[in-house]
Amino acid sequence: MIGFMIWSLLASSMPKQGQLQLGFYSDSCPNAEKIVQDFVNEEIHNATSLAAALLRMHFHDCFVRGCDASILLNSTSAGQAVEREAFPNLSVRGYDFIDRVKSLLEAECPGIVSCADTIALVARDAIVAIGGPFWRVPTGRRDGLISVQSDAITELPSPFDNFTALETRFARKGLDIKDLVLLSGAHTIGIAHCSAFADRRLLNFSGVLGAVDPSMDSEYAANLKANKCKTFNDTTIVEMNPGSRKTFDLNYYSLLLKRQGLFGSDQALTTNATSLAIINQLLQGSLENFFREFGLSMEKMGQIEVMTGTQGEVRKHCARVNS
Ligand code: HEM
Ligand SMILES: *[C@@H]1O[C@H](CO)[C@@H](O)[C@H](O)[C@H]1NC(C)=O
Ligand SMILES: *[C@@H]1O[C@H](CO)[C@@H](O)[C@H](O)[C@H]1NC(C)=O
Ligand SMILES: *[C@@H]1O[C@H](CO)[C@@H](O)[C@H](O)[C@H]1NC(C)=O
Ligand SMILES: *[C@@H]1O[C@H](CO)[C@@H](O)[C@H](O)[C@H]1NC(C)=O
Ligand SMILES: *[C@@H]1O[C@H](CO)[C@@H](O)[C@H](O)[C@H]1NC(C)=O
Ligand SMILES: *[C@@H]1O[C@H](CO)[C@@H](O)[C@H](O)[C@H]1NC(C)=O
Ligand SMILES: *[C@@H]1O[C@H](CO)[C@@H](O)[C@H](O)[C@H]1NC(C)=O
């Protein structure tokens, strides 16, 4: 009986999630999580823009070959193109930031803390540092050995995806419509380049030169076209969530109801009854409710196809596999 009580206490204080575990490094590197958190809090200059980039990096990492830090691998001279070359502008500063955290971790406990866990912890701590939601990050992810550019292109959702395509892509990763709506809420912060969406949304909808996507509010579209995304391949930066791109809030969803989603994939969330109902529920609920729900979906995202135990390795340098 006492044995059972101790067992259930242990089980509830160290919840296991898939095969990841809260506080996985508590014996092997007890300061690991604190090192990450302190570094993020001290070093996150230009906080919002970096936090957005790091959150997006975590998403891209998890959607391509699972959360295994394959997004950080450099190509070798002989090798084929890697994931990080598929989106060269993803986050140059993000790569550097992860490298700096990782060297602190290596100094403290060499070869213990994986790059995949580092990304997951950094993304969470960065979002918390800008006043966004907290979520639990169980750890124990192992780093992958492979990174292939074309995987990023086939696995990641496109800003032109319709609802069916988004639902299918997320379902393939074990994420449901609710997760899709919540995780898309990350677009409450950050920026986009016109070149990422403007050709097919503002300049050449359905292959009609000059045509604007009719699902976009016409005033919003006209304004973007006049002031920002004037030409094809324009790399001008636009706010993801005009007016509140620095604040992690519910404004993203309010704008969707005003047909002011930036990407087709954002606006598509209003085209499905289930998804629209979730948006309305979120808008009727509190910010705390959104934060809690977002956090639960992030926990799920952070466990996509993870490697644990003796799979993969713990990289010494996040940009290259151990030799
Ligand atoms: C639902 C499908 C999604 C699509 C199609 C999509 C697409 C994009 C695109 C095209 C950009 C702009 C990139 C640029 O031009 O620089 C972007 C930015 C961003 N995305 Fe997503 N995304 C999706 C889901 C997510 C998810 C699940 C997250 C995180 C949980 C996320 C986080 C972000 C953030 C934070 C930014 C701003 C990055 C910055 O400011 O540097 N996105 N996304
Ligand atoms: C902050 O981020 C913005 C957008 O990414 C960039 O234009 C600006 O130069 C950055 N400022 C600093 C001080 O890093
Ligand atoms: C990436 O960013 C650089 C500098 O901001 C810019 O010159 C380049 O055109 C961008 N590329 C894309 C594909 O947006
Ligand atoms: C959604 O997009 C897919 C391709 O990604 C296409 O086959 C399908 O017909 C589209 N569905 C609708 C309802 O437009
Ligand atoms: C959209 O919502 C409806 C009703 O909730 C659901 O049955 C359907 O499968 C969803 N997906 C698509 C792609 O329409
Ligand atoms: C406009 O879209 C059509 C169809 O996707 C494409 O063939 C054409 O090259 C595009 N025009 C420009 C100028 O990009
Ligand atoms: C935009 O850039 C792509 C590749 O960088 C190129 O193939 C395309 O022709 C360009 N389109 C225009 C209209 O300049
Ligand atoms: C990875 O590539 C970047 C950019 O090419 C370079 O600055 C960095 O030193 C490389 N890192 C490693 C560990 O090879």
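Everything quoted here is computed from the prediction, not taken from an experiment. Numbering of ligands and ligand atoms starts at 1, following listing order.
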Margin query: Please identify which of these residues, Leu276, Thr274, Leu180, Thr270, meets the side chain to side chain contact (heavy atoms under 4.5 Å, CB included) condition with Phe163.
Written below: Leu180
Margin query: Taking side chain to side chain donor-acceptor pair (under 3.5 Å) as the definition, give me every residue that meets it alongside Asp38, ordered by chain and number, with sequence neighbours left out.
Written below: Lys34
For ligand 5, which of its N or O atoms have a protein N or O partner closer than 3.5 Å, and how long is each gap?
{"from": "ligand 5", "atom 1": "2 (O)", "to": "Asn272", "atom 2": "OD1", "distance (Å)": "2.8"}
{"from": "ligand 5", "atom 1": "2 (O)", "to": "Asn272", "atom 2": "ND2", "distance (Å)": "2.4"}
{"from": "ligand 5", "atom 1": "2 (O)", "to": "Thr274", "atom 2": "OG1", "distance (Å)": "3.2"}
{"from": "ligand 5", "atom 1": "5 (O)", "to": "Thr274", "atom 2": "OG1", "distance (Å)": "2.3"}
{"from": "ligand 5", "atom 1": "11 (N)", "to": "Glu167", "atom 2": "OE1", "distance (Å)": "3.1"}
{"from": "ligand 5", "atom 1": "11 (N)", "to": "Asn272", "atom 2": "ND2", "distance (Å)": "2.9"}
{"from": "ligand 5", "atom 1": "14 (O)", "to": "Asn272", "atom 2": "ND2", "distance (Å)": "3.0"}

Check: Nearest non-hydrogen atom to atom 10 (C) of ligand 1 belongs to which of Phe160, Phe63, Phe263, Phe294?
Finding: Phe263
Checklist line | Atom indices of ligand 6, in the order listed, that fall short of 4.0 Å to a heavy atom of Phe232 | finding: 12 (C), 13 (C), 14 (O)
Check: Among all residues two or more places apart in sequence or in another chain, which pass the salt bridge (Lys or Arg N to Asp or Glu O under 4.0 Å) test with Glu293?
Finding: Lys178
Next item on the list: State the atoms of ligand 1, each with its element, that fall below the 4.0 Å cut-off from a heavy-atom position in Gly190.
Entry: 37 (C), 40 (O)
Next item on the list: With sequence neighbours excluded, tell me which residues meet salt bridge (Lys or Arg N to Asp or Glu O under 4.0 Å) with Asp125.
Entry: none
Note to self: With a 3.5 Å distance limit and no angle check, can you tell me whether Gln303 reaches the backbone of Glu299 through a side-chain donor-acceptor pair?
What the structure shows: yes
Margin query: If I apply the N/O under 3.5 Å rule, does Leu180 come out as touching ligand 1?
Written below: no
Item checked: Proximity of Ala196 to ligand 1 by residue part, where a heavy atom lies under 4.0 Å -> side chain
Next item on the list: Output yes when Lys102 and Glu106 qualify as a salt bridge under the 4.0 Å nitrogen-oxygen rule, no when they do not.
Entry: yes
Next item on the list: Report the part of Ser195 (side chain from C-beta onward, or backbone N, CA, C, O) that has a heavy atom under 4.0 Å from ligand 1; answer both or neither where that applies.
Entry: neither
Check: Which of the listed options, Met57, Met240, His193, holds the heavy atom that is closest to atom 15 (O) of ligand 1?
Finding: His193
Notebook entry, point to check: Are any of the N/O atoms in Ser184 less than 3.5 Å from those in ligand 1?
Noted result: no
Check: Under 3.5 Å, is there a donor-acceptor pair linking the side chains of Arg245 and Ser49?
Finding: no
Notebook entry, point to check: Is the backbone of Asp161 close enough, under 3.5 Å, to the side chain of Ser265 for a donor and an acceptor to pair up by distance?
Noted result: no
Next item on the list: Run through Leu105, Val101, Val36 and flag the one making a side chain to side chain contact (heavy atoms under 4.5 Å, CB included) with Leu121.
Entry: Val36
Margin query: Using a 4.0 Å heavy-atom cut-off, which part of Ala192 comes near ligand 1: side chain, backbone, both, or neither?
Written below: both
Check: Crowded around Glu219 CD? As in, over 12 foreign heavy atoms under 6.0 Å?
Finding: no
Note to self: I'd like to know whether ligand 1 has Asp161 as a neighbour, heavy-atom separation below 4.0 Å.
What the structure shows: no
